[in-house]
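Each remark here refers to the structure printed beneath this line.
Atoms within each ligand, like the ligands themselves, are counted from 1 in listed order. Keep in mind that what you see is a predicted model, and the values were worked out from it rather than measured.
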Amino acid sequence: MKFFLDTADLDEIAEAASWGALAGVTTNPTLYSRIGGKLSGFHDHIARICELVDGPVSAESVAMTRDEIIRDGRELAAIAPNVVVKVPTMVEGLAATRVLADEGIPVNMTLCFTVPQAILAARAGARYISPFVGRFDDISEDGIAQLDDVVTAIGNYDFAGDTANGEKLEIIAASIRSANHVAQAALMGADIATVPFGILKKCVQHPLTDRGLDAFMKDWEKVQSA
Ligand code: G3P
């Protein structure tokens, strides 16, 4: 499984990229708003993210009709070669995805919650599908079980003929809220987990690692003074 960072914060992206394990970034309108982003600076901001990360960067269309999404998608894709156009899973989004995919523009279909939505996104040519985990948990449903169903269903078929440029369709476990979500996504074989920076830090940490390191340092002090 690959790690993407789910943020629009340049400092977080630069820091996570320096750890050597970052494969991409996903953004959305909420994440851009959270860093105080302005409409006029949106394309420049995506360009800066694309320079920081060696991998796909999802930038979301906020249009509601297929023609507007297609126009948005073409403009976003022109920002940098590693831009992936993020499109909501809805009828207009599916129609736009088909057109963009046929033009060789990779699409990440977002706000995906169910198996039928995921299969439709795949057949419409999505390069990535983003099932949301945490938002299912928010409504007292089992987000991990829903993600598992999507991974299983997508794994039953070959979508290479549907995606832009015949590339492999990949599932991005999104709306990740804990290191346990990350572990469960990896165990079921999700291709990617897109993770907020705070959760990525928690993925690195473990109290037994800290305790073991503390013991090693103390014992090394004894060696130095022996
Ligand atoms: O990339 C979008 C997704 O990860 C949103 O997560 O926490 O707002 O449900 P959240």
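- In this structure, the side chains of D137 and H181 come closer than 4.5 Å at one or more pairs of heavy atoms.
- At the top of the distance list for atom 2 (C) of ligand 1, counting protein heavy atoms only, stands N28 ND2, 3.3 Å.
- Residue I139 qualifies as enclosed at atom CD1: its count of foreign heavy atoms under 6.0 Å is above 12.
- Looking only at protein heavy atoms, the nearest one to atom 4 (O) of ligand 1 is D6 OD2, 2.5 Å.
- Each of N108, I171, L111 was checked for a side chain to side chain contact (heavy atoms under 4.5 Å, CB included) with S130, and the lone residue meeting it is N108.
- At a cut-off of 3.5 Å, with distance as the only test, no side-chain donor of T89 or Q117 sits close to an acceptor on the other residue.
- An N or O contact shorter than 3.5 Å links K86 to ligand 1 by distance.
- Ion pairing between R177 and D138 holds under the 4.0 Å rule for side-chain N and carboxylate O.
- Taking every non-hydrogen atom of F132 and a distance limit under 4.0 Å, the qualifying atoms of ligand 1 come out as 2 (C), 3 (C), 5 (C).
- Closest to atom 6 (O) of ligand 1 among all protein heavy atoms lies S175 CA, 3.3 Å.
- Of the N or O atoms in T194, none lie within a sub-3.5 Å distance of an N or O in ligand 1.
- Protein heavy atom in closest approach to atom 7 (O) of ligand 1: R177 NE, 2.9 Å.
- In terms of protein heavy atoms, atom 8 (O) of ligand 1 is closest to R135 NH2, 2.8 Å.
- Close approach to A174 involves these atoms of ligand 1, each under 4.0 Å from a residue heavy atom: 4 (O).
- Atom CG of N180 is surrounded by more than 12 heavy atoms from other residues, nucleotides or ligands within 6.0 Å.
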Could you give me the CA-CA distance, side-chain angles and deciding distance for T194 and I176, then say whether side chain to side chain contact (heavy atoms under 4.5 Å, CB included) is met? CA-CA 7 Å; T194 191; I176 292 289; 5.6 Å; no
